[in-house]
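Worksheet: one structure, shown below.
Numbers here simply count residues along the sequence, with the first being 1.
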Amino acid sequence: MNDLEVLQSKLDISGAVIERTQRRMKQNFQRLLKEANTEITVDQWLLLQELSKENGLSQLELAQRAYKDAPTVTRILDLLVKKQLIERVADETDRRKFSIELTKAGHKKIKEVTPVLREFRSKAWAGLSDNEVSKLTIVLNRIFTNLD
């Protein structure tokens, strides 16, 4: 095997490890959400979490921040509206635009899910030193930036 083939083999393995880990993380977090009877999915949580950081985002801003396409975000928002966790508020200057806002129930759901999220992250990072978590974050952010 030449140097290029060795490098390509390492890159293939690394990509597979990242993808496999991402899938397992999502599956485990979904299981914890279900066990805690939160009645939301990981994807619903991602949007609620973004709104908890900045309430009143547009649907497009929310899609961009959650790295999801617009049709997917629309379906998730429809479910969150039905669950009364968010509401679409019409823009006073442009009736075609809406801002997405957490309801009281939505704020309550954030408080309910936050301990589940902390439990999940604690389990995921178990056995990793602060230095390892820092290095992992740097590497993953570099990969993310490379793909921009």
Determine the minimum heavy-atom distance between Val116 and Ala36, stating which atoms define it. CG2-CB, 3.7 Å

Please check if Val113 and Val81 belong to a single hydrophobic cluster, counting links between Ile, Leu, Val, Met, Phe, Trp and Tyr side chain heavy atoms closer than 4.5 Å. yes

Would you say the side-chain atoms of Thr114 pair up with the backbone N or O of Ile110, donor to acceptor, closer than 3.5 Å? yes

Could you state the interatomic distance from CD (Gln64) to CG (Leu57), rounded to the nearest 0.5 Å? 10.0 Å

Hydrophobic cluster identity match, Phe29 and Leu136, side-chain contacts under 4.5 Å: yes

Compare all side-chain heavy atoms of Thr145 with those of Arg142 and state whether any distance is below 4.5 angstrom. no

Can Arg65 and Lys53 be said to form a side-chain contact (heavy atoms from CB on, under 4.5 Å), step by step? CA-CA 11 Å; Arg65 291 181 187 198; Lys53 294 175 190 173; 5.8 Å; no

If you count the non-hydrogen atoms of other residues, nucleotides and ligands that lie under 6.0 Å from CZ in Arg121, is the total more than 12? no

When rounded to the nearest 0.5 angstrom, what is the spacing between CG in Asn37 and NZ in Lys34? 9.5 Å

Take Glu132 and Lys135 through the salt bridge (Lys or Arg N to Asp or Glu O under 4.0 Å) test and state the conclusion after the steps. CA-CA 5 Å; Glu132 288 171 319; Lys135 285 181 181 179; over 6 Å; no

Any sub-3.5 Å donor-acceptor pair from Lys83's side-chain atoms to Glu39's backbone N or O? yes

How about Asn141: does its CG atom have over 12 heavy atoms from other parts shown lying under 6.0 Å from it? yes

Should Leu85 and Ile40 be marked as a side-chain contact (heavy atoms from CB on, under 4.5 Å) after you check the CA-CA gap, both sets of side-chain angles, and the distance that decides it? CA-CA 10 Å; Leu85 298 175; Ile40 64 168; 3.9 Å; yes

State whether the side chain of Thr74 and the backbone N or O of Ala70 hold a donor-acceptor pair below 3.5 Å, judged by distance alone. yes

Single-linkage hydrophobic cluster, 4.5 Å side-chain cutoff, Val133 and Phe120 together: yes

Does the side-chain contact (heavy atoms from CB on, under 4.5 Å) test come out yes or no for Trp45 and Leu117, once each step is laid out? CA-CA 10 Å; Trp45 168 251; Leu117 176 66; 4.0 Å; yes

Counting only pairs under 3.5 Å, give me each side-chain donor-acceptor contact of residues 16-26, with atom names and distances, residues two or more places apart or in other chains.
from  : atom 1 : to    : atom 2 : distance (Å)
Thr21 : OG1    : Val17 : O      : 2.7
Lys26 : NZ     : Asp43 : OD1    : 3.3
Lys26 : NZ     : Asp43 : OD2    : 3.4

Would you mind listing every ring pair (Phe, Tyr, Trp, His ring centres under 6.0 Å) that reaches into residues 68-112, with sequence neighbours excluded? none

Which residues pass the side-chain contact (heavy atoms from CB on, under 4.5 Å) test with Leu79, sequence neighbours left out? Gln44

Does some side-chain heavy atom of Thr41 sit less than 4.5 Å from a side-chain heavy atom of Gln30? yes

Is the closest side-chain donor-acceptor distance between Glu112 and Thr38 under 3.5 Å? no

Residues passing the side-chain contact (heavy atoms from CB on, under 4.5 Å) test with Lys108, sequence neighbours excluded, are none

Does the side chain of Ile100 come within less than 4.5 Å of Leu80's, by heavy atoms? no

Would you mind checking if Glu119 and Lys123 are paired as a salt bridge, meaning a charged N to carboxylate O distance below 4.0 Å? no

Looking at Arg88 and Asp78, is any side-chain nitrogen of the basic one under 4.0 Å from a carboxylate oxygen of the acidic one? yes

Should Glu50 and Leu47 count as side-chain neighbours, where that means a heavy-atom distance under 4.5 Å? no

Considering residues at least two apart in sequence or located in another chain, which fulfil the salt bridge (charged side-chain N to carboxylate O under 4.0 Å, His left out) criterion with Glu92? none

Might you confirm whether atom CD of Gln84 has over 12 heavy atoms from other residues, nucleotides or ligands at distances under 6.0 Å? no

Are the side chains of Ile86 and Leu48 in contact, using a 4.5 Å heavy-atom criterion? yes

Side chains of Val139 and Ile143, heavy atoms from C-beta outward: is any pair under 4.5 Å? yes

When Ile, Leu, Val, Met, Phe, Trp and Tyr are grouped by side-chain heavy atoms lying under 4.5 Å apart, directly or through other members, which residues fall in the same group as Tyr67? Phe144

Counting only N and O atoms by type, is there a donor-acceptor contact under 3.5 Å from the side chain of Ser58 to the main-chain atoms of Ser99? no

